[in-house]
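None of the values given here were measured: they were computed from a predicted structure. To find a chain, count down the sequence lines: A is the first, B the second, and so on, and within it residues start at 1.
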Number of protein chains: 2
Amino acid sequence: MTDTIEPTTAADGRPYHHGDLRHALIQAARAIIIRDGAQALSLRGVAREAGVSPAAPYHHFKDKQELVLAVGQLGFEELGIVMEQELAKCSDDPQERLTVIGVSYVLFARDNPALYRLMYDCARNMEALPPDVHEKDHSAYAIVRSAMIAAGLADPDDPVAIELATTAGWCAAHGVAEMGGFAQFDPLKTAVGGELNFYRELLKRTGAFSAR
Amino acid sequence: MTDTIEPTTAADGRPYHHGDLRHALIQAARAIIIRDGAQALSLRGVAREAGVSPAAPYHHFKDKQELVLAVGQLGFEELGIVMEQELAKCSDDPQERLTVIGVSYVLFARDNPALYRLMYDCARNMEALPPDVHEKDHSAYAIVRSAMIAAGLADPDDPVAIELATTAGWCAAHGVAEMGGFAQFDPLKTAVGGELNFYRELLKRTGAFSAR
DNA sequence: AGATAATCTTTACAGCGTTCACATAAAAAT
DNA sequence: ATTTTTATGTGAACGCTGTAAAGATTATCT
């Protein structure tokens, strides 16, 4: 009567081995961070949400920090995907494409503030830039860089200038992304005709995203 | 022989009442944050460093969060002081004064990364802008604003434009301040001739600090 | 089939934030 | 000056956390 169809079930119906616990833990952690903030994240809570004992995660991550790092890396991949999606819907005008990138970046941070904050914490002190500067060509960083070149903001033959322009743009977007969400700016947002206008205006003035 | 001159000493020589525990706790917390990072901050540790029982801080702060907030506010005051000091050593050229502000800001963040990060966390979700936008005229925000006006980056008669320019500059500086310290940029730093040049270049390209 | 490795559980420990009851000292009131 | 009130400290306790160690269970390899 109480039999279940699952493979090699225990008394309570759950198999002894989870199957893909590593992935489940990352997803659970991501959900908790987005729902309750990074400060509310506990390894035990993640294990609980995944229906597993408190010590189980240690077979997949050596640390709480290592789990957090995995969530952060996932976030950067998501960011890259979102950017590419928005670029696909966009015209071919290089300047407009740059703007779309900046706005996508800022909106991603606005929609997932805790996750974005955590992503930044992961990026800090990593060997490679988020996710990594030199290898993946569809990484968020690579997207920004090629858009910079396309818009004529950096000489394609000057590697240093390219990196500098890309970094400047990224820094500007980061600043707007993190601070733009502050409640203190609410009056200013309405004064300039809405949140989106506010972000566009900041990105424009923060000139790293437009030709001089 | 073992007598001490302190008022109403206990057996161990320390008076029962600390005298200015609130201040001592803030300083101890600040020291721990700067030395070991914000993640290493524990209320018990702060109490220990102040030579007081674990429950004592609760007579001065309702929360660990409230102590952290006090440290953050102190940080903003320090930042404002540093800016004014640097401005005092600077010429009267409005553009140069703006640059000095930006560089001071970024260097402050570079020298106190954990504290700066914590300051940002405090600024988020506060009613007033850090430390507060409208009242203190020697606040860091007010300094940036008046420098913006002086440099002709905002029409003095257009309040919205003023706030927009100030906010854009602040966002740009924030981005450079937080990301500029990343180890990933080390090769780029040397490529442009040193850290300071790197920051100056980023702030310049991030046009919020220079006339268009 | 048997051995080995991977995965999960149980148990345990020290440290954390916080609360409560109580001790002490300072300030205010009588 | 004594009493009362208030401010500020201590101590013990609770449930939570991250993490480690040892044992149970299942998958994989030979």
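The side-chain heavy atoms of K189(B) and Y199(B), taken from C-beta on, include a pair separated by under 4.5 Å. C90(A) is listed as a side-chain neighbour of E96(A), based on a closest heavy-atom distance under 4.5 Å. No side-chain heavy atom of V68(B) sits under 4.5 Å from any side-chain heavy atom of F61(B). Side-chain contact between E178(B) and P113(B) is absent, with no heavy atoms from C-beta onward closer than 4.5 Å.
Residues from residues 48-62 of chain B placing a heavy atom under 4.0 Å of any atom in DNA chain D, listed by number, are V52(B), S53(B), A55(B), A56(B), H59(B), H60(B). Across residues 33-45 of chain B, R44(B) each have a non-hydrogen atom less than 4.0 Å from an atom of DNA chain D (numbered order).
Whole-Å rounding puts the Q65(A) CD to dG18(D) P distance at 12 Å. The distance between atom CG of D63(B) and atom P of dG17(C), rounded to the nearest whole Å, is 11 Å. Remark: P of dT17(D) and CG of L67(A) are 14 Å apart, rounded to the nearest angstrom. As a whole-Å value, the separation of K64(A) NZ from dT17(D) C1' is 8 Å. Rounded to an integer number of Å, the gap from CG of L21(A) to P of dA27(D) is 15 Å.
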Between F108(A) and F76(A), does the ring pair (Phe, Tyr, Trp, His ring centres under 6.0 Å) criterion hold? Intermediate values first, please. CA-CA 10 Å; F108(A) 181 90; F76(A) 274 111; 8.7 Å; no
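Taking a 6.0 Å sphere around CZ of R110(A), one finds it holds more than 12 heavy atoms contributed by other residues, nucleotides or ligands.
Residue I143(A) holds its CD1 atom at 12.0 Å from CG of L98(A), rounded to the nearest 0.5 Å.
Annotation: Y105(A) is not in aromatic contact with F209(A) [ring centroid separation under 6.0 Å not met].
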